[in-house]
Amino acid sequence: MSTFATNLPIEALKSEADKLFVRKRIMNFGLPLLVLLYLAYVFFAFDVAGLYEKASWKNGKTLVADSYSYKTHVTRDNRNGEVSVAIEGERKGEYPEGTSPDWVEMGQTTVIDLENGHVVTFGLKSIEYDVPGYGLIRTTPDRRKGVQAELPAGDVPDWINVSKNRLAVTTDAGRLTVTRNRSEVFRYFNGWELFWFTLDSPYYGKGPGELMGLAFAGEAGAIWTEFWTNKMWRHQDVAWAIFETILMAFLGTLGAGIVALPLAFIAARNFNPLGSVRFGVRRVFDFVRGVDALIWTVVLSRAFGPGPLTGALAILVTDTGTFGKIFSEALENVDKKQIEGVQSTGANAPQRYRFGVIPQITPVLISQLLYFLESNTRSATIIGAITGGGIGLLLTQAIITQKDWEEVAYYIVLIILMVMFMDWFSGWLRRKLISGDVKTPRKRKVDSKAKPFVLP
């Protein structure tokens with residue numbers, strides 16, 4: 001029936017229509033206005049303008065560059081004159097004694113060619129940097145007098161930072177840093193150096209074709225060992241960390257499902273007539289799922305110590321409450337006729353649950369378990385950083401050191417691939433278990449010319 005199909009006079013109907021249109025105008029214009037006012041409040045309350053001014057775009061650019069490139073450090077000990085060359089400045093990536101990249105000429109005087117005319121020279125006492133278009137920068141570090149820098153005449157450019165204790169020169173070709181005790185030059189190169197083999201490996205610097213030839217010649221096992229035990233990138237440790245992360249998610253999710261299912265029967269209205277018991281179980285569900293998994297991780301790590309099992313237990317506790325609520329609601333919506341049909345065959349209570357209830361809620365059980373398994377794979381990364389296990393721990397360690405951001409990028413790529421794999425795997429398993437997506441056999445073609453079989 002229409003809203004205006006009443007016995008009211010025309011003036012009253014017109015008044016009601018005007019009020020209705022006014023309310024709609026208020027809703028159409030008032031709600032967007034409230035949203036705009038809220039966004040304006042957020043803009044000033046969180047000082048978005050100040051945040052933009054405080055942002056260091058230079059540091060962000062350096063961080064991004066570090067994720068897809070590496071630095072080769074040439075370091076001189078000003079106390080004894082020893083010079084070393086290392087990838088990322090690590091001892092595990094140090095060039096063997098007597099060797100260096102082709103752009104570093106070792107000797108009594110070390111000459112570092114940064115290309116495009118940029119040349120740094122480590123002399124016996126002084127360090128020189130010839131910058132094209134600017135001039136020669138000379139510094140003499142002394143433990144008592146500090147860093148004595150000699151610059152070309154004129155104002156000091158902003159890419160030079162000089163004080164009594166330190167000189168830093170940053171150009172597009174590289175960077176020179178001089179302190180009382182150490183002088184260091186580093187240069188950027190694209191790629192993830194030493195990802196396959198370290199400098200001390202006999203397979204370092206060999207191309208794919210040469211490695212394939214050596215593999216077919218009987219060195220496949222040695223090549224794999226050199227890669228698998230890489231000291232810089234630790235592929236073996238990373239693979240085990242990925243396995244620990246997936247194991248945490250799997251144990252936590254599956255354990256939560258096993259614990260929550262019997263409790264869900266107690267919390268379901270149509271399976272448990274005791275209201276007080278149902279109320280108590282449901283409040284337990286609210287309590288364990290109301291506390292975030294990260295909080296449970298901190299609490300359980302204090303109780304049981306760090307480790308992957310503690311992370312799995314934190315996931316189990318949190319998901320038990322969530323699964324309990326979902327499963328109990330699914331149980332309350334089961335079809336009683338199917339249960340009565342099983343009961344009519346003389347089945348006892350466990351058999352009625354097994355054949356009359358479980359098949360009805362199985363799609364819900366499997367769907368939720370697989371979804372949470374995928375979600376918990378991501379959560380296990382953060383939980384592992386707290387409990388000291390999985391890929392999350394390696395990622396946190398790499399971020400804290402702020403040394404090798406290409407290693408951070410490597411871990412992030414692995415985490416994304418792991419989540420993508422779990423997404424594909426859970427979807428494939430869901431189709432197999434729920435939808436019954438199984439290939440049916442092809443129908444055999446019938447020969448129309450074949451003679452029919454007639455019984456005698």
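For the residue pair E210 / Y203, no side-chain donor-acceptor distance below 3.5 Å is found, with atom types taken as modelled. With no hydrogens or angles considered, no side-chain donor-acceptor pair links Q236 and W240 at under 3.5 Å. Looking only at atom types and distance, the side chain of N181 has no donor-acceptor partner in the side chain of T179 under 3.5 Å away. Side-chain contact check for N78 and R180: no donor-acceptor pair (N or O, by modelled atom type) lies under 3.5 Å. Judged by distance alone, the side chains of R378 and N376 never bring a donor and an acceptor atom under 3.5 Å apart. N190 and Y70 are not linked by any side-chain donor-acceptor pair at a separation below 3.5 angstrom, with hydrogens and angles left out of the test.
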inquiry  = Could you walk me through whether E332 and R282 satisfy the salt bridge (Lys or Arg N to Asp or Glu O under 4.0 Å) test, starting with their C-alpha distance in whole Å, then the side-chain angles of each, then the deciding distance to 0.1 Å, before giving a yes or no?
reply    = CA-CA 14 Å; E332 290 179 349; R282 287 180 179 273; 2.7 Å; yes
request  = Test R289 against D319 for salt bridge (Lys or Arg N to Asp or Glu O under 4.0 Å), laying out the working first.
outcome  = CA-CA 7 Å; R289 72 187 177 89; D319 285 357; over 6 Å; no
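Residues passing the side-chain contact (heavy atoms from CB on, under 4.5 Å) test with L294 are D292, I382, I383, I386, sequence neighbours excluded. With sequence neighbours left out, the salt bridge (Lys or Arg N to Asp or Glu O under 4.0 Å) criterion links E407 to R234. Under the rule for a side-chain hydrogen bond (donor to acceptor under 3.5 Å, both in side chains), the partners of E193 that lie at least two apart in sequence or sit in another chain are Y204. Applying the side-chain hydrogen bond (donor to acceptor under 3.5 Å, both in side chains) rule to E226 yields the partners S201; only residues at least two apart in sequence or on another chain are considered. Listed by chain and residue number, L263, A267, V281 satisfy the side-chain contact (heavy atoms from CB on, under 4.5 Å) test with F285 (two or more places apart in sequence, or in another chain).
Side-chain rings of W196 and W233 stay apart, their centers remaining 6.0 Å or farther from each other.
Looking at T75 and F186, their side chains never come closer than 4.5 Å, going by heavy atoms from C-beta outward. Looking at heavy atoms from C-beta onward, L261 lies in side-chain contact with F265 at the 4.5 angstrom threshold.
Classified by interplanar angle (parallel below 30°, tilted 30° to 60°, perpendicular above 60°), the ring pair W228/W224 is parallel.
Applying the salt bridge (Lys or Arg N to Asp or Glu O under 4.0 Å) definition to pairs two or more places apart or across chains, none involves residues 255-264.
A side-chain contact (heavy atoms from CB on, under 4.5 Å) with Y129 holds for exactly one of V120, I160, V178; it is V120. Partner of R187 under the side-chain hydrogen bond (donor to acceptor under 3.5 Å, both in side chains) criterion, chosen from E115, H118, H73: E115.
Counting only distance, with no hydrogens or angles, the side chain of S426 and the backbone of D423 share a donor-acceptor pair below 3.5 Å.
Using a cutoff of 4.0 Å between basic side-chain nitrogens and carboxylate oxygens, D142 and R144 are not scored as salt-bridged.
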